[in-house]
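Chain naming here is simple, since letters A, B, ... match the order of the sequence lines and numbering starts at 1 in each. Just so it is clear, the values below take in all heavy atoms, side chains as well, and ignore hydrogens, waters and symmetry mates.
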Protein chains: 2
Amino acid sequence: MTGLRRDNLPTAQMRLVDLFENWSAGEFDPSNCPVRGILDRLGDKWTTLVVIVLAQRPHRFSAVQRAIPDISKRMLAQTLRDLERDGMISRQVYPTKPPSVEYRLTELGQSLLDPLVNLITWAEQRRPNIEGARAAYDASDRA
Amino acid sequence: MTGLRRDNLPTAQMRLVDLFENWSAGEFDPSNCPVRGILDRLGDKWTTLVVIVLAQRPHRFSAVQRAIPDISKRMLAQTLRDLERDGMISRQVYPTKPPSVEYRLTELGQSLLDPLVNLITWAEQRRPNIEGARAAYDASDRA
DNA sequence: CTCCATGGTCTAAAATTGAGACCACGTCTA
DNA sequence: TAGACGTGGTCTCAATTTTAGACCATGGAG
């Protein structure tokens with residue numbers, strides 16, 4: 001019940017309602033939702049950070065590691081592999097001794113930068129709100 | 001070497017370069033980066049999905065669970081608690097028997113919808129590219 | 001009396017992640 | 001000539017996180 005009144009709804013919300021209805025219509029299998037499969041990867045804790053680093057300029061494996069000191073080699077290798085598989089970055093091997101490998105954003109990877117910057121900008125702008133809310137919550141008895 | 005030429009750089013990338021330089025300037029401690037703390041939560045695998053569900057309308061605990069069948073109660077409870085702590089959703093208890101609890105987006109939560117929709121739109125538009133890249137990668141010997 | 005639904009918590013098992021050793025190779029230093 | 005170092009990783013084992021599902025108190029319906 002309580003159908004949704006779509007008038008007076010902000011644009012983003014309306015869009016989300018539409019999306020959700022479409023998903024639900026096609027017997028929405030959340031674990032099969034393609035958008036979710038993509039969003040999941042972005043939420044990988046390391047993925048966005050690596051993309052931001054590669055947005056500066058192409059990096060070699062160990063340069064990325066230096067830029068993100070607290071990533072383990074294991075996860076860095078995996079993150080880079082996943083990003084390459086998704087076509088977001090390219091991997092170029094130079095046959096020097098020892099061989100060096102350069103990772104760089106593809107056009108697809110570049111195209112992620114716009115929405116990513118939007119999100120970061122939002123996080124920056126809303127940071128005071130969020131930190132305030134956290135402090136208030138922690139000060140209350142629920143903490 | 002290869003300092004960055006900032007002319008001819010797309011806007012988003014330039015912005016990211018600036019951000020990164022600011023971060024690095026202040027002896028960038030990635031584990032202390034506030035924006036990262038916020039982005040980490042959004043990448044929580046369940047967080048965005050819950051936000052999308054609550055963007056439709058307020059939901060009760062079990063309604064959210066029905067909307068996202070493959071989330072465990074434990075993680076749903078935790079995700080909702082974290083979102084409440086961050087001031088993104090509000091929790092309203094109605095003293096019915098048994099008591100029911102309603103979760104709804106706050107203004108802060110609503111404000112996330114815009115960047116979130118951008119990201120989802122990007123994912124939708126680029127889905128063919130990404131799936132194509134995945135198929136190509138898996139078909140190659142690296143798989 | 002029994003079953004259902006409410007909003008969770010708790011425990012044990014499964015999955016993911018992290019720390020760090022290890023590798024082959026060549027080059028630089030002593 | 002012997003070590004040590006840097007390259008881009010992989011491998012193993014331990015620590016952390018997530019999941020599945022039992023459980024709880026309450027009250028209403030049958």
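Between A:L80 atom CG and D:dT10 atom C1' there is a gap of 14 Å when expressed in whole angstrom units. Here C:dA19 presents its C1' atom at 12 Å from NZ of A:K73, a figure rounded to the nearest Å. The CD-P distance, from B:E102 to C:dG8, rounds to 13 Å in whole Å. The interatomic distance linking B:R74 (CZ) with D:dG21 (P) rounds to 15 Å, in whole Å. One can place CD of B:Q65 at 13 Å from P of D:dG21, the figure rounded to the nearest angstrom. Atom CE in B:M75 sits roughly 12 Å away from atom C1' in D:dT16 (whole-Å rounding). Residue A:L76 contributes atom CG, which lies 13 Å from atom P of C:dA19 at whole-angstrom precision. In this structure, the CD atom of A:Q92 is 14 Å from the P atom of D:dG8, given to the nearest Å.
An OP1 or OP2 oxygen of D:dT17 is reached within less than 4.0 angstrom by no side-chain nitrogen or oxygen of B:W46. In this structure, A:R81 reaches the D:dT10 phosphate: one of its side-chain N or O atoms is under 4.0 Å from OP1 or OP2. Dashed line: the shortest gap from a side-chain N or O of B:S62 to OP1 or OP2 of C:dT6 is under 4.0 Å. For A:K45 and C:dG18, the shortest distance from a side-chain N or O to OP1 or OP2 is below 4.0 Å. At least one side-chain nitrogen or oxygen of A:R66 sits closer than 4.0 Å to the OP1 or OP2 atom of D:dT7. The phosphate of C:dG8 (OP1 or OP2) has a side-chain N or O of B:R91 nearer than 4.0 angstrom.
Between A:L83 and A:T79 there is a side-chain heavy-atom pair separated by less than 4.5 Å. Annotation: side chain of B:N118 is not in contact with side chain of A:L119 (no heavy-atom distance under 4.5 Å). Residues B:E124 and A:I38 fail the side-chain proximity criterion, which asks for heavy atoms closer than 4.5 Å. Proximity of B:R60 to B:V101: side-chain heavy atoms (C-beta onward) are nowhere separated by under 4.5 Å.
Here B:Y103 lies in heavy-atom contact (under 4.0 Å) with sugar-phosphate atoms only. Across all strands shown, A:K97 has heavy atoms under 4.0 Å from sugar-phosphate atoms exclusively, and none from any base. Within 4.0 Å (heavy atoms only), A:R60 reaches sugar-phosphate atoms of the nucleic acid but no base atom.
Ion pairing between a basic and an acidic side chain is recognised when a charged N comes within 4.0 Å of a carboxylate O; A:R126 and B:E107 show such pairing.
Between B:Q78 and A:P98, the residue anchored closer to the 5' end of DNA chain D is A:P98, taking for each the nucleotide with the nearest heavy atom.
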